[in-house]
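Take a look at the structure set out below.
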Amino acid sequence: MSTKVKDNKNVWVYAEQIEGRLTNVALEILGEGYRLSREIGEESKVCAILIGENINHLVDELFAYGADIVYIANDSLLKRYTTDGYTKIISDAIKEYEPEIVLFGATHIGKDLAPRIAARLNTGLTADSTRLDINTQNYIDYLKTHTTADTEDLEKNIEDRNLKQTKPAFGGNLMVTITCPDKRPQMATVRPGVMDKKEKDPAHKGEIINLRIKLSKEDIKTELVEVIKTAKDVISLADAQIICAGGSGLGDDSGVELLKKFAETVGGVVACSRAAVELGWFDHSHMIGQTGTTVKPKIYFACGISGAIQHQVGMQNSDTIIAINSDPDAPIFKIADYCIVEDFKKVIPEIIMQLGNTNI
Ligand code: FAD
């Protein structure tokens with residue numbers, strides 16, 4: 001397969017699980033896969049591919065979040081992620097069932113798996129997509145109202161139902177849309193935090209298909225000796241409900257400590273801009289933006305962050321953005337819901353006091 005466009009119109013998502021728990025991004029791309037499959041038409045189903053050992057308990061959750069079919073590979077050789085093992089299972093399954101689209105979260109594992117699978121299947125892959133569309137009249141109308149793109153070709157080929165994969169390019173200053181018209185499946189990795197999960201419906205059930213596992217120990221060339229959890233694993237920015245982010249405007253170490261105290265007081269997770277990483281105040285794992293993590297918390301506090309486009313792409317989908325910046329013209333204020341034009345070192349201690357933490 002993979003060299004010709006086939007009839008099967010199903011959308012597959014890789015249901016990444018770690019230690020028996022589905023990742024957030026797996027449910028996000030399942031929601032997006034559901035939306036795409038409904039746009040493709042009645043003949044299209046959204047399917048999750050679930051791999052591991054003792055993972056059957058996750059099937060109901062995948063159905064509840066929209067899956068019509070769950071393909072499952074349950075085997076002791078698949079207990080932990082290995083590039084060789086998982087690549088073989090997914091490639092074999094794609095060859096057998098021939099989906100139209102396959103999506104992965106752009107996680108460490110997704111970024112490792114997707115290119116190998118695409119190469120094995122001789123098809124294309126768009127990395128780090130932030131928007132996916134099917135070529136429909138809705139999409140063409142969106143382009144006409146929101147962009148200056150020429151839509152003539154799209155209108156001529158509206159029946160092709162090809163996947164339009166959009167991602168930031170050239171330092172985030174330009175969005176590009178990529179298609180894969182001649183090969184199947186159409187494959188993309190999708191940034192965590194940018195797609196919406198479908199509303200959970202525990203009553204929704206679907207079909208389970210057990211994959212034939214043609215895998216032996218010899219197929220897996222690496223052996224996992226030990227897993228050591230570092231502080232990076234503990235920080236879960238992508239899942240945080242409240243994020244307190246600081247930029248170079250924190251000024252010095254005392255500003256960094258103040259931000260940490262603030263996060264502790266409001267129950268938030270500390271994050272930062274790239275400038276704050278470059279100043280040595282934070283580890284890269286705290287960084288938000290194009291080259292960092294994408295987040296969608298309920299509240300995002302931006303303290304002493306100017307709001308460069310590369311930072312915005314990582315946090316602009318937050319429910320509520322509260323910006324504190326001494327410069328009234330800072331770009332962050334263009335996307336903030338609440339704008340506090342003031343020295344961060346004056347505002348934050350006041351908020352901490354008002355919330356009853358006098359230990360500053
Ligand atoms: P600055 O732009 O220096 O802004 C500091 C702000 O603090 C200013 O607005 C100032 O008014 C304010 N301020 C100063 N003192 C105070 C005070 N006492 N109280 C309140 N406010 C104060 N950046 C990212 O963040 N994430 C990325 O993923 C990322 N990827 C990039 C990728 C590429 C290819 C490139 C070229 C750049 C990338 N950048 C990224 C860098 C980005 O362009 C900006 O340089 C960076 O985001 C600026 O960080 P900042 O807002 O902390 O610093």
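Order of appearance sets the numbers: ligands from 1, and atoms from 1 within every ligand. Computed from a prediction, not measured in an experiment: that's the story for all the values here. Values reported hereafter were calculated over all heavy atoms of this structure, with side chains retained and with hydrogens, waters and symmetry mates removed. The chain is numbered in sequence order, starting from 1.
Heavy-atom proximity to Asp343, at under 4.0 Å, picks out these atoms of ligand 1: 17 (C), 18 (N), 19 (N). Heavy-atom contacts of Gly249 reach the following atoms of ligand 1: 5 (C), 7 (O), 13 (N), 14 (C), 15 (N), 16 (C), 17 (C), 18 (N), 22 (C) (cutoff under 4.0 Å). Against a heavy-atom cut-off of under 4.0 Å, Met287 is close to the following atoms of ligand 1: 27 (C), 28 (O). Atoms of ligand 1 found under 4.0 Å from any heavy atom of Gly247 (numbered from 1 in listed order, with element): 52 (O). Near Gly292, the atoms of ligand 1 lying under 4.0 angstrom from a non-hydrogen atom of the residue are 28 (O).
Using modelled atom types, one finds a donor on one side chain and an acceptor on the other under 3.5 Å when comparing Ser254 with Asp252. Judged by distance alone, the side chains of Ser326 and Asp343 never bring a donor and an acceptor atom under 3.5 Å apart.
When Thr294, Asn325, Leu279, Asp327 are ranked by how near their heavy atoms come to atom 8 (C) of ligand 1, first place goes to Asn325. Heavy-atom proximity to atom 50 (P) of ligand 1, evaluated over Ala245, Gly255, Ser273, is greatest for Ser273. Here the shortest heavy-atom distance to atom 26 (N) of ligand 1, taken over Thr291, Thr293, Ile288, belongs to Ile288. Nearest to atom 42 (C) of ligand 1 by heavy-atom distance, out of Lys346, Gln310, Gln290, is Gln310. Distances from atom 7 (O) of ligand 1 to the heavy atoms of Gly304, Ala302, Gly246 put Gly304 nearest.
Heavy atoms of Gly314 stay at 4.0 angstrom or farther from ligand 1.
When Glu100, Glu39, Glu42 are each tested for a salt bridge (Lys or Arg N to Asp or Glu O under 4.0 Å) with Lys9, only one passes: Glu100.
Residues forming a side chain to side chain contact (heavy atoms under 4.5 Å, CB included) with Val347 (at least two apart in sequence, or on another chain): Ile324, Ile340, Glu342, Ile351.
By the 6.0 Å and 45° rule, Arg274 does not stack over the aromatic ring of Phe282. Because its NZ or CZ atom is not both nearer than 6.0 Å to the ring centre of Phe63 and within 45° of the ring axis, Lys205 does not count as a cation-pi partner of that residue.
Counting heavy atoms under 4.0 Å from ligand 1, residue Ala308 touches it through the side chain alone. Under 4.0 angstrom from ligand 1, the non-hydrogen atoms of Glu342 all belong to its backbone.
Of the charged side-chain nitrogens involved, at least one lies within less than 4.0 Å of a carboxylate oxygen, so that Asp196 and Lys296 count as a salt-bridged pair.
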Does Asp128 form a salt bridge (Lys or Arg N to Asp or Glu O under 4.0 Å) with Arg191? I'd like the steps, not just the answer.
CA-CA 5 Å; Asp128 235 9; Arg191 272 200 162 209; 3.5 Å; yes
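The six-membered or imidazole ring of Phe301 lies near that of Phe262, with a centre-to-centre distance under 6.0 Å.
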